[in-house]
There are 2 protein chains.
Amino acid sequence: MAARMTRQRTAVVEALDELADFRSAQQLHENLRARGESVGLATVYRALQALADASEVDVLRAEDGESLYRRCARREHHHHLVCRSCGRTVEIDGPTVEAWASKVAAAQGFDDIEHTVELWGTCADCRAAASK
Amino acid sequence: MAARMTRQRTAVVEALDELADFRSAQQLHENLRARGESVGLATVYRALQALADASEVDVLRAEDGESLYRRCARREHHHHLVCRSCGRTVEIDGPTVEAWASKVAAAQGFDDIEHTVELWGTCADCRAAASK
DNA sequence: ACGCTTGTTGAGAACGGTTGTCAAAGATCG
DNA sequence: CGATCTTTGACAACCGTTCTCAACAAGCGT
């Protein structure tokens with residue numbers, strides 16, 4: 001169970017660090033190959049999974065169900081405002097939302113509460129590009 | 001483009017009405033077969049899709065990415081508190097959340113904002129059953 | 001009631017993202 | 001260096017969902 005530091009894992013982390021926004025496993029894989037790093041797709045998935053388990057990366061689901069990964073600045077719980085078309089991401093937190101969520105859930109007798117709060121939109125740049 | 005009322009579509013709507021909680025397309029399909037209604041899986045998917053487009057049912061993604069459907073009481077925008085293990089659902093709305101979401105997004109220059117706010121937990125019954 | 005037209009159905013193939021398989025490769029330690 | 005034991009990667013398998021297309025049936029006009 002000792003996590004070994006391999007060339008591939010390092011490469012995945014590096015790729016994540018360079019790309020500041022949410023990316024799919026496949027995008028990262030392509031990115032790695034493009035720069036000459038030979039890494040298997042399955043390995044990319046495994047690395048991302050491990051990083052997610054260790055809370056080193058945030059995972060979120062695109063509207064079509066694909067998983068997107070990102071290395072976030074803050075490790076504490078937070079939410080995201082993501083551009084639908086380019087993936088550009090802004091970290092946000094909503095203290096009022098947290099409080100609201102747990103209060104509502106508790107009032108209904110629910111336990112082990114987890115909440116999903118994500119904002120999707122089109123960023124200024126993409127909007128400009130679309131109406132070119 | 002005229003929507004025809006077929007036996008299959010009626011069956012899907014009926015099944016949804018009986019099952020008050022969020023169910024997957026496959027669960028609904030099984031449910032229909034179990035009661036003798038012969039309906040193809042693809043048809044169930046199509047019916048659910050059409051209903052979702054018409055805002056007749058709410059769709060949400062389970063943690064594993066599967067789509068879950070439910071006929072909600074209110075047609076207006078609202079959120080859900082869903083039991084992870086039995087699918088039991090409580091409709092909730094959070095006026096404060098709505099306001100917060102659009103304000104935050106606008107402040108970042110984002111447009112076309114959409115937000116996902118769902119609460120997952122374990123309902124009282126399932127908690128009791130688990131610690132039997 | 002009876003065709004006709006046209007949307008709908010269903011079985012199975014296809015698809016796309018993700019995970020499993022397993023022999024070969026390589027990281028770590030003594 | 002050698003032994004050990006995790007990791008890798010090409011490919012198959014999976015699973016939910018969508019597509020294909022010939023057979024079918026709603027709804028409409030007569």
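A donor-acceptor distance shorter than 3.5 angstrom exists from the side chain of A:T89 to the backbone of A:G87, with no hydrogens or angles considered. When atom types are taken as modelled, the side chain of A:T10 and the backbone of A:T6 share a donor-acceptor pair closer than 3.5 angstrom. Using modelled atom types, no side-chain atom of A:R23 and backbone atom of A:L16 make a donor-acceptor pair closer than 3.5 Å. At distances below 3.5 Å, at least one donor-acceptor pair connects side-chain atoms of A:R9 with backbone N or O atoms of A:R4.
For B:S67, the side chain to side chain contact (heavy atoms under 4.5 Å, CB included) partners two or more places apart in sequence, or in a different chain, are B:V59, B:R61, B:Y69. Legend: residues meeting salt bridge (charged side-chain N to carboxylate O under 4.0 Å, His left out) with A:E91, ordered by chain and number and at least two apart, are A:R70, A:R74.
When all heavy atoms are compared, the tightest approach of A:V44 to A:A25 is CG1-O, 3.7 Å.
The number of heavy atoms from other shown groups lying within 6.0 Å of CD (A:E98) is above 12. Residue-environment remark: CD (B:Q108) exceeds the threshold of 12 foreign heavy atoms within 6.0 Å.
Shown for residues 56-68 of chain B: residues whose heavy atoms fall under 4.0 angstrom of DNA chain D, namely B:E66, B:S67. Using a 4.0 Å cut-off on heavy atoms, none of the residues of residues 17-30 of chain B approach DNA chain C.
Judged purely by distance below 3.5 Å, without hydrogens or angles, the side chains of B:D93 and B:H77 never pair a donor atom with an acceptor atom.
Taking the six-membered ring for Trp and the full ring otherwise, the centers of A:H115 and B:H79 sit at least 6.0 Å from each other. Aromatic ring centres of A:F22 and A:H80: separated by under 6.0 Å.
Residues A:R88 and A:D21 are not paired through a salt bridge, judged by the lack of any N-O separation under 4.0 Å between the basic side chain and the carboxylate.
Heavy-atom distances to DNA chain D give each of B:Q49 and A:A42 a nearest nucleotide, and the one nearer the 5′ end belongs to A:A42.
A:Y45 places its OH atom 18 Å from the P atom of D:dC14, with the value rounded to the nearest Å. If you take CG of B:L41 and C1' of D:dG16, they are 9 Å apart, rounded to a whole angstrom. Rounded to an integer number of Å, the gap from CZ of A:R33 to P of D:dT8 is 14 Å.
Distance from the side chain of B:R9 is smallest for C:dT9 among the nucleotides C:dT9, C:dG17, D:dA10.
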What does nucleotides 21-28 of chain D look like as a protein-contact string, B for base, S for sugar-phosphate only, - for none, at under 4.0 angstrom between heavy atoms? ----BBS-
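One axis for each end of the helix from C:dA1-D:dT30 to C:dG30-D:dC1, each built from five base pairs, and the angle between them comes to 30° at 10° resolution.
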